Amino acid sequence: MEREIQPARRVAGTISLPGDKSISHRYALLAALAEGRSTIANYSSGADCASTLGCLGALGVRYRRDGAAVTIDGGGLEGLRPAAAALDAGNSGTTMRLLSGILAGQPFETAIGGDASLSRRPMQRIIRPLERMGATIRAREGGLPPLVVRGGALRPIRYELPVASAQVKTAVLFAGLFADGVTTAVEPAPTRNHSEIALRQFGAAVTVEGNAVAVSGKPRLQAQTLRAPADLSSAAFFLAAALMLPESDLRIEGVGLNPTRTAVLDVLQRMGGRITTRCKAAAGEASGSLAVQGGGRLLGGEIAGEITAATIDELPLLAVLGAVSREGLGIRDAAELRVKESDRIAATAENLRRMGVRVTTSADGMDIAGNSRLRGAALDSFGDHRIAMAFTVAALAAEGPSRMANAEAAAVSFPEFYGLLDRLTA
Ligand code: S3P
């Protein structure tokens, strides 16, 4: 589907947003392993989190979905049943990687595949530690999906992650639930800690020491009543739109403000963005409201090292802001962007160039010239939800109308995106 995008003067109003994608996946998966009926409010509306529920259903888990409310009847750690056919993770790398951790602990074999984009994403990173724990995993050449996971009796390991990846950390910790003893994942840089929080919420014993996260195996997980806060990575598209459109005045309520996710807010504020945060202290996941005003001049700079890891999902969007910033933006240490739902370095550079921005790329980053005037253009999501949304925001701030090819990709994480945007720009 192609969408036409007209330039806008503002985004204004007060909104709340669907639940966080990362948190929704974890709540659903752990609810399936818990004993009793869990309810999750504000469950992510994205196709990715529907893929997780679909896979759980195929493994014999009974769930009910009524809009954003999901109830899941967990059968305990031994409650899953062999699936009749291969599981379909759709576009969702998170579903495949996190669920593989759980499948590694099952006394049966499960095949899991996905769409063309997912079939190009590296799985060696989870195969290696899960096989060390005792599972056997077949993949296509190069460790690509589909996977066939033969679970077994797992042993606990201490695993040093070669890449900063919350998905790999979580696959190891979730497999650790099925091992006797303590399983530890050591991260090279801090990544989102939703799994650690969710595991504790469901009753597992988790300890964190520096960059090492450990879980004790064979817990009895208890069903929970939980609410996923609004997805900050989705909110970021509206924050960026507000910063680029001078007359903007926007408030977003109930947003997830877990400190391992808020680096994007720090970066936006450092760029001169007028954003105020009101965080409500709470057990579990932090949340609060965000207020943002447009009109300021944005400053550029560099994103590197741990900040790159902590803003990994927002980098295409930050690249767009970099183009209209005073100094331009350099992004370093971002090789992981090459293996997301698309090659996000290539997709971002291509769309920026179509809008008239000068960009140079390298294997693990890019340099975006500042002070650019964005030209309306024929843009492409390349089937990647975050590229669709980042460049829709760019198109709002461009001179002249743009067209976005494959705009429907946005529904992978945020089906309401275009409807909300129409409302806020009206
Ligand atoms: C996610 C972790 C990140 C992120 C993805 C969701 C998660 O991936 O890009 O959108 O929910 O754990 P990596 O763990 O591969 O960095």
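It should be emphasised that the depicted structure is a prediction, and the values quoted were computed from it without experimental measurement. Counting convention: from 1, in listed order, for ligands and their atoms alike.
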Logged contact type for Arg192 with ligand 1, heavy-atom cut-off 4.0 Å, is side chain
Salt bridge check, Asp313 against Arg192: does any charged N sit closer than 4.0 Å to a carboxylate O? yes
Is Arg354 salt-bridged to Glu350, going by a charged N under 4.0 Å from an acidic O? yes
| query | Taking NZ, NE, NH1 and NH2 as the nitrogens, is one of them in Asp384 or Lys340 under 4.0 Å from a carboxylate oxygen of the other? | reply | no
- Task: Decide, yes or no, whether a salt bridge links Arg332 with Asp367 under the criterion of side-chain N to carboxylate O below 4.0 Å.
- Result: yes
Decide whether Arg261 and Ser233 meet the rule of one side-chain donor and one side-chain acceptor closer than 3.5 Å.
yes
Ser22 heavy atoms within 4.0 Å reach ligand 1 at atoms 1 (C), 6 (C), 7 (C), 11 (O)
Counting only heavy atoms not in Glu2 (residues, nucleotides, ligands), do more than 12 fall under 6.0 Å from its CD? yes
Among Thr94, Asp313, Thr170, closest by heavy atom to atom 10 (O) of ligand 1 is Asp313
Within 4.0 Å of some non-hydrogen atom of Ala166, the atoms of ligand 1 are 12 (O), 14 (O)
Here the atoms of ligand 1 under 4.0 Å from any heavy atom belonging to Ser165 are 13 (P), 14 (O), 15 (O), 16 (O)
The residue among Arg121, Arg338, Arg120 that forms salt bridge (Lys or Arg N to Asp or Glu O under 4.0 Å) with Asp343 is Arg338
Polar proximity ligand 1 side, Val168 side, N/O cut 3.5 Å exclusive:
no
Can you confirm, on distance only, whether ligand 1 has an N/O atom lying under 3.5 Å from any N/O atom belonging to Arg26? yes
Among Arg121, His194, Gln167, Arg125, closest by heavy atom to atom 1 (C) of ligand 1 is Gln167
Min over Arg97, Lys340, His25, Lys21 of heavy-atom distance to atom 8 (O) of ligand 1 lands on Lys340
